[in-house]
Protein chains: 2
Amino acid sequence: MGMEDDLYTRELINRLARLDATSAWKGDLNPAQKAALTYLARANRFSRSPSHLAEYLGSTRGTISQTFKALVQKGYVTERRSQADKRAISFDLTEKGVQAIDAPNLLGRGISKMDQQIKKDLLTSLEVLSRQLLKENGSRAFGVCNQCRHFSARKNGGHCMLLSEDLSPAETLKICHEQEAA
Amino acid sequence: MGMEDDLYTRELINRLARLDATSAWKGDLNPAQKAALTYLARANRFSRSPSHLAEYLGSTRGTISQTFKALVQKGYVTERRSQADKRAISFDLTEKGVQAIDAPNLLGRGISKMDQQIKKDLLTSLEVLSRQLLKENGSRAFGVCNQCRHFSARKNGGHCMLLSEDLSPAETLKICHEQEAA
DNA sequence: TTGCAATAGTTTCGACTCGATACTAATAGT
DNA sequence: ACTATTAGTATCGAGTCGAAACTATTGCAA
C-alpha cells in the first residue's frame, strides 16, 4: 500500500466522523458536548473531571470547562465537588444525559449493519491504529480499570490498590485515568 | 459482536478524528478548513464549488461559504467565476494550499506505521462502512471520474460524455459530483 | 511555619464553526 | 413573461478552539 492509500484512509476516518458529527449537530447537542457525555459514560468516578477529559480528548482545561458549563446548564450533567480536595470537581450524567448517549445515530446504524467479520476486522485495526497514535502523541492510554496493575479482583467486583478503594463489578470495566497496563 | 463493540467502534473513529483535528488546530488552519482543502485536492474542476463541498461534508452552503471566505483571505485558495453560469464559483488551491495538505500530521504518521495487512483490512472495512453510511444517509457517493458511466477512455486521458469535456489523465482519477457508478 | 510552586478549575479573548433564516442574482421551465 | 429553482452570501446566536491571565487550594521544603 502506498502513500495514496494512506491519505485516503485518513480522509475516510475524518469523513466518517464528520458525517456522524453532522447528525449530532441537529439536536440540542454539538459534537464536543456529545464526546464529553460519551466519555463520562465510560469513565469511573475517579476520572470524570475537566482535566481528565481534556487529556483524553487532547484538548485544554479551559475549553472543556466551557463545554461542561453548557452541559450543566442544559441539564445533561451535574457537578459534584470533592470534600477531600476542594479544588477537584467531578461530573455525573443525569438521566437526560444517559438517554442522549443511547440515542440512535447515523454511524452507529452503519456499523451495526456491517458484516460480522468485516466489523471485527475494523475494530481490530482501529485499536491498533489508536495505540500507535497515542504512543506517537505521548498521550496516556486511558485503559480499563480491571486491566490495571493496581487492580486486584475480589469476589464481588475488585479493589484498587493505588487509591485503596473498593470497586463494584460495573466500575471495574470503566476507563480510569490512573490506569497502567498490568 | 454485540452492541458494546459497536459503540466502541464508533467512539474509536470519533476519537481518532478528534486527535487528528487537535493537531490541525495548532496551525493556522482549523479542521473544517483542512477538510475543505483536502476535498479540493481530490475533486475535479467541475466539482469545486461551495454547493458540492457542502453536500460532500453533509454541511450547508452558508457554512461552507464562510469557510471559503476564510481560506481565500488567508491565501490557501483562489476564487474562479464561471462565465457560462454567472452564479457558479469554483475554488482552486494555491501553492500554499497544496503545501498545507501535504504537511505531516499525527493520523497520517500513525497510519503509515501500521502493519501492511492490518492497514489493508482497515481501508477495506472503512470503505464498506462508508458506503453503508452514505446509503443510509441518502447522500451521493462522490465517486471517481473514471468509474463513471459517462466516462469514455481515450488514448491520453478520457472524455466525459455528460459534460462533453476532454479529461487529462490526472483528472480521470478525481472526484466528480456528477459521477454515477458504471 | 512560612513561603512558594504545582495543581484544579474558571474566565476572557478573538477567530471561527454550526444550522437557520433571510436575502440577491442568475438561470430554467412553463 | 412569469415563476420556480439554483448558486451563493450575510447575519444571527450558541458554542468551540487554543492561549493567556486569573483564583483557590494543596503539597513540599527550608
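These numbers come from the heavy atoms of this one structure, side chains and all, not from hydrogens, waters or symmetry mates. Below, read A as the first sequence line, B as the second, and so on, with proteins coming before strands; counting in each chain starts at 1. Keep in mind that this is a model prediction, so the values were computed, not measured.
Across the protein-nucleic acid pair, A:K69 atom NZ and C:dG9 atom C1' stand 12 Å apart, rounded to whole Å. In this structure, CH2 of B:W25 is placed 9 Å from P of C:dC16, rounded to the nearest angstrom. As rounded to whole Å, 14 Å separates atom P of D:dT9 from atom CD of B:Q73. Separating the NE2 atom of B:H177 from the C1' atom of D:dA7 is a distance of 12 Å, rounded to the nearest angstrom. Between the CZ atom of A:F68 and the P atom of C:dG9 there is a distance of 9 Å, rounded to whole Å. The nearest whole Å value for the distance from the CD atom in B:Q66 to the C1' atom in C:dA20 is 13 Å. We find that CZ of B:R61 is positioned 13 Å from P of C:dG19, with the value rounded to whole Å. Rounded to an integer number of Å, the gap from B:I64 CD1 to C:dT17 P is 9 Å.
Taking each heavy atom of B:A32 and A:R18 in turn, the nearest pair found is CB-NH2, 4.0 Å. A:L40 and A:F91 make their closest contact through CD2-O, 3.8 Å (heavy atoms, listed as atom of the first residue, atom of the second, distance).
Among the atoms of the strands shown, only primed sugar atoms or phosphate atoms (P, OP1, OP2) are found under 4.0 Å from some heavy atom of B:Q33.
Across residues 83-91 of chain A, A:A84, A:D85, A:K86, A:R87 each have a non-hydrogen atom less than 4.0 Å from an atom of DNA chain D (numbered order).
Classified by interplanar angle (parallel below 30°, tilted 30° to 60°, perpendicular above 60°), the ring pair A:Y39/A:F142 is perpendicular.
Nearest to the side-chain atoms of B:R18 among the listed nucleotides D:dT16, C:dA8, C:dT17 stands D:dT16. Side-chain atoms of B:A70 lie closest to C:dC16 of the nucleotides C:dC16, D:dG8, D:dT16. The side chain of B:P50 approaches D:dG8 more closely than any other nucleotide in the set D:dT16, C:dG19, D:dG8.
A donor-acceptor distance shorter than 3.5 angstrom exists from the side chain of B:R15 to the backbone of A:Y56, with no hydrogens or angles considered. In this structure, B:T94 contributes its side chain and B:Y76 its backbone to a donor-acceptor pair below 3.5 Å.
A close approach under 4.0 Å does not occur between any side-chain nitrogen or oxygen of B:T63 and OP1 or OP2 of C:dT17. Taking side-chain N and O atoms only, B:S49 has a distance below 4.0 Å to OP1 or OP2 of D:dG8. For the pair A:S51 and C:dG9, the criterion of a side-chain N or O lying under 4.0 Å from OP1 or OP2 is met. Put simply, A:K26 has no side-chain N or O that comes within less than 4.0 Å of OP1 or OP2 on C:dC18. Listed pair A:T60 / D:dC17 fails the phosphate criterion, with no side-chain N or O lying under 4.0 Å from OP1 or OP2. Note on A:N30: every side-chain N or O is 4.0 Å or more away from OP1 and OP2 of C:dC18.
Toward the 5' end of DNA chain D, the nearer of the two residues A:D28 and A:G58, judged by each one's closest nucleotide, is A:D28.
To the nearest 0.5 Å, the span separating CG on B:L129 from NZ on A:K119 amounts to 10.5 Å. A distance of 15.0 Å separates CG in A:N30 from NZ in A:K26, rounded to the nearest 0.5 Å.
In terms of polar N and O atoms assigned as donor or acceptor, the side chain of B:S65 never comes within less than 3.5 Å of the base of D:dG8 in a complementary pairing.
Side-chain atoms of B:S47 and B:N44 include a donor-acceptor pair closer than 3.5 Å.
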